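Predicted, not measured: the structure shown is a model, and the values here were computed from it. Hydrogens, waters and symmetry mates are skipped; everything else that's a heavy atom, side chains included, is used. So that the names make sense, note that chain A is the first sequence line, chain B the second, and so on, each numbered from 1.
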There are 2 protein chains.
Amino acid sequence: MPRQMKLGLFVLPSGQHIAGWRLPEAQADMHVDFASYRTLARRAEEARFDMLFVADNDGVQAGAWSREALSRTANRFAAQFEPLTLLSAIAACTTHLGVVGTASTTYFDPYRLARQFASLDLLSGGRAAWNIVTSHDASAAANFGIAPLEHAARYERAEEFVGLVEKLWRSWEPDAFPRDKAGGVFFDPARLHAQHHEGRHFRVSGPLNVAPSAQGHPVLVQAGSSGPGRDLAARKAEVVFTAQTNLRDAQAFYADIRRRAADFGRAPDALKIMPGVSCIAAATEAEARDRFEAMQSLIDPAVGLAHLQTLLGVSLEGHALDEPVRELPASNAMQSRHALFLGMAREEGLTLRQLYQRAAGAKGHLLLVGTGAQIAGTLARWFEEGAADGFNVMPPYLPGGFDDFVTHVLPELRSRGLVREAYAGTTLRENLAQ
Amino acid sequence: MPRQMKLGLFVLPSGQHIAGWRLPEAQADMHVDFASYRTLARRAEEARFDMLFVADNDGVQAGAWSREALSRTANRFAAQFEPLTLLSAIAACTTHLGVVGTASTTYFDPYRLARQFASLDLLSGGRAAWNIVTSHDASAAANFGIAPLEHAARYERAEEFVGLVEKLWRSWEPDAFPRDKAGGVFFDPARLHAQHHEGRHFRVSGPLNVAPSAQGHPVLVQAGSSGPGRDLAARKAEVVFTAQTNLRDAQAFYADIRRRAADFGRAPDALKIMPGVSCIAAATEAEARDRFEAMQSLIDPAVGLAHLQTLLGVSLEGHALDEPVRELPASNAMQSRHALFLGMAREEGLTLRQLYQRAAGAKGHLLLVGTGAQIAGTLARWFEEGAADGFNVMPPYLPGGFDDFVTHVLPELRSRGLVREAYAGTTLRENLAQ
């Protein structure tokens, strides 16, 4: 069997483009409409996607945004479904699609998280995955009565948290339940393992009170790009999500993660590395460009600026919109983004308006605008030249932005034999291994 | 419209009778089989039940049970689905049935709980309810790294917790989302209320990042029987679950809760008081008795004794099974149960075996064995004589124990006009008000 791309559908109800919800053809109320998620999930399953992925934040992601700017965007987790409840409902309406939920090791209790993901995994027939994040959002911290943790402290907690969750998922051996009616034995006590974890951050007796699923336990997904984040991914993750905007950097990231995985004694193919990609696909390049320009023209300056400020970690107050970007103070947060966008502004002589428009399209992910053949060509190159094992498809708006991918890009990938025609198995882990 | 009974389906995957899972016709693996829950939920909806209710414990409920005794029962939450994930999946497969999840104010974070229940409520179209419990189980406490809280401390925390969750559920006004594409306004900042709670136990900024549902927010359910528990129910609950075994005590409880509610300024009819009832129904009384005796004969002595010990809060080691029950030391826990069962043993001269068999049938709830007409007659009397607004139906085994209720009891209730023919609305709160 030749190697094939893994495909995830990344769902923000507002779409990935910061102004996607304002397109006339976009559905702006998906954040309160479960039926739309069900339809979208079923389409992803018909398209033989590996998984549907939902991001998360434990609160309205206000950051430094004014309430006025917040109210003019749909992209800051203001009012969305919570991942575990949403994905459980989606799992009940699908049969093969993996469901990937983001949950933070900083704000969850490990027993609660282990239990809810195990239950999702069991009821879906072994299709769940946990996207491990450590959260730096101060708005979320304030909803749990704590101060935001520093990067190192978050990752130290995450290491213990993930190890503990994995232990809890091994509480019951797969054949622990004879359910012998005549003999009166429901479970075999020798196949139950309590765990008794005592660590620096957590003390949890166990055992977990959920039985293992058809795939044993949920798949682990990770998206860290810092050194500790990459190490956590290389040691634990089966799927790595990443934001990459050019082939060379994506290749370097791909090689680095696989090298780290090998250093930890893992087979590098045990990890699937999946960059995010926002595709604006149409029958002709001109049509795709028009759709993209329509979205770009709908970017509210207050929203575009607030978004750029968040990416750069600096205030842009007092800077003129239509003059070339001036030098900005250094920032402690997101240094790679800071350098990327300021370098772009300097090289191309961009105005501030042009710069925030650049940032707003895919929010730091790869953005491809064109025909199905053009986009499939780029994806194929990344896949074949050591930059990706597949992609997390981020529709710029919904639901049409996903339909466009299925209509224009997917047949091109299929004709090249790059994506599956049928699912290999019923669990997510089986399909990832295909 | 004459007053009609509210009906809930209380689902333990093992059935309510402690040996129900051992019947040849019982499905013993429902604890790992979501498809059975889906079928059961759809049957409850066809039968026009108000709600499906799941109990919960945040861990294997070991208490003083030996691992050996535990392994011989299916009733201690050893390995079951977690309520919020399970009910989200059930909600996706139903359209009118309410879904009631138990969750503890002692082990949940209030923001997490408010968010997950709001999300369940939104995706179900306004059919969610939260059954508030405070948890005294030590096995659960050990899964969160804390010592079990005393009764008073649990209720003090619960009071603040419930008030905070209600505040979070009011974060967004129902019309807070104009989603004005042309004007670029997604939400109206004046209709968003952050909350900023600072209490004795919790500091939570808010706002909640889930929009209100078709019924506004989840229905509140409570089952406390102590003074503080009754006060919490009388102040906050819309549904009160209770365990009552005779008409007189049930009437006293019913009157007491309504009086307390009136004292708090509430209309007593705003609370629906629903005792649990385990029905063993058949075409003839003899057939029903046979089914009951079959279950009684399957009670494992080790399990029956462990269960009785848990109810009484005392050790029964060294007591002979087939001699009359001797006097037992007093117990601090569950004084009402202690007095009930010891009084029963003394009055009727029961042996220890006979006593644990009494306790095992419905685990402290009303147990009715007979024809549909006999059982409907008792339920009608409780409903008409001030003991109940409806019942939480607890099938002794599954799935047949529920089918028997639908086949034999429900038509009798319907012919008396005591239960609905059709749902009044689509939300749980609308149907409860019918």
Checking A:F161 against A:L113 for the side chain to side chain contact (heavy atoms under 4.5 Å, CB included) test, could you report, in this order, the C-alpha distance in whole Å, the side-chain angles of both residues, the deciding distance, and whether it holds? CA-CA 10 Å; A:F161 193 117; A:L113 184 144; 4.0 Å; yes

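- Contact of B:R38 with chain A is made through the side chain alone, with heavy-atom distances under 4.5 Å.
- The closest side-chain donor-acceptor pair between A:S205 and A:Q195, if any, does not fall under 3.5 angstrom.
- For B:L208, the part lying under 4.5 angstrom from a heavy atom of chain A is the backbone only.
- With salt bridges taken as basic N to acidic carboxylate O contacts below 4.0 Å, one links A:D56 and B:R115.
- In summary, B:R127 and B:D121 do not engage in a salt bridge, as defined by a charged side-chain N under 4.0 Å from a carboxylate O.
- Ranked by heavy-atom pairs under 4.5 Å with chain A, the list B:L298, B:D180, B:I146, B:V303 is led by B:D180.
- Using a cutoff of 4.0 Å between basic side-chain nitrogens and carboxylate oxygens, B:R112 and A:D58 are scored as salt-bridged.
- With a 4.5 angstrom heavy-atom cutoff, A:N57 touches chain B only via backbone atoms.
- Across A:I90, A:D33, A:L23, the residue that shares the most heavy-atom pairs under 4.5 angstrom with chain B is A:L23.
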So B:L123 and A:Y37, side chain to side chain contact (heavy atoms under 4.5 Å, CB included) or not? Walk me through it. CA-CA 10 Å; B:L123 68 85; A:Y37 275 95; over 6 Å; no

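- Identified by a heavy-atom distance below 4.5 Å to chain A, the contributing residues of residues 181-189 of chain B are B:K181, B:A182, B:G183, B:G184, B:V185, B:F186, B:F187, B:P189, in residue-number order.
- Looking at B:P24, the atoms closer than 4.5 Å to chain A (heavy atoms on both sides) all sit in the backbone: N, CA, C or O.
- For the set B:F34, B:F177, B:Y111, the count of heavy-atom pairs under 4.5 angstrom toward chain A peaks at B:Y111.
- Looking at B:H17 and B:R22, their side chains never bring a donor and an acceptor atom within 3.5 Å of each other.
- Heavy atoms closer than 4.5 Å to chain A are found nowhere in B:A91, neither backbone nor side chain.
- Of the listed residues (B:A35, B:A79, B:A194, B:S14), the one with the most heavy-atom contacts under 4.5 Å to chain A is B:A79.
- Per-residue counts of heavy-atom pairs under 4.5 Å with chain B were compared for A:S71, A:A26, A:G145; the largest is that of A:S71.
- In summary, the aromatic rings of A:F117 and A:H217 are positioned with their centroids too far apart to meet the 6.0 Å limit.
- Neither the backbone nor the side chain of A:H197 comes within contact range of chain B; no heavy atoms are under 4.5 Å apart.
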Please walk me through it: do B:T95 and B:T426 pass side chain to side chain contact (heavy atoms under 4.5 Å, CB included)? CA-CA 7 Å; B:T95 55; B:T426 60; over 6 Å; no

Do A:V204 and A:L164 pass the side chain to side chain contact (heavy atoms under 4.5 Å, CB included) test, and can you show the C-alpha distance, the side-chain angles, and the key distance before you say yes or no? CA-CA 8 Å; A:V204 176; A:L164 168 54; 3.7 Å; yes

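- No side-chain donor-acceptor contact under 3.5 Å links B:S135 and B:D137.
- Using non-hydrogen atoms only and a strict 4.5 Å limit, the part of residues 168-175 of chain A facing chain B consists of A:W172.
- Side-chain polar atoms of B:Q296 and B:Q357 form no donor-acceptor pair below 3.5 angstrom.
- A distance of 8.5 Å separates CG of A:L122 from NE2 of B:H31, quoted to the nearest 0.5 Å.
- Minimum interatomic distance between B:V54 and B:P83 (heavy atoms only, all atoms of both residues): CG2-CB, 3.7 Å.
- The shortest heavy-atom contact between B:F77 and A:N209 is O-CB, 3.2 Å.
- Both the backbone and the side chain of B:L70 come within contact range of chain A, with heavy atoms under 4.5 Å apart.
- Contact of B:F202 with chain A is not made at all, since no heavy-atom distance falls under 4.5 Å.
- When only modelled atom types and interatomic distance are considered, B:S119 and A:T85 share a side-chain donor-acceptor pair under 3.5 Å.
- Neither side chain, A:H196 nor A:R203, offers a donor N or O lying under 3.5 Å from an acceptor on the other.
- Contacts between B:F108 and chain A at a heavy-atom distance below 4.5 Å involve backbone atoms as well as side-chain atoms.
- Interface summary for chain B: among A:V32, A:L87, A:L86, A:D300, the most heavy-atom pairs under 4.5 angstrom belong to A:V32.
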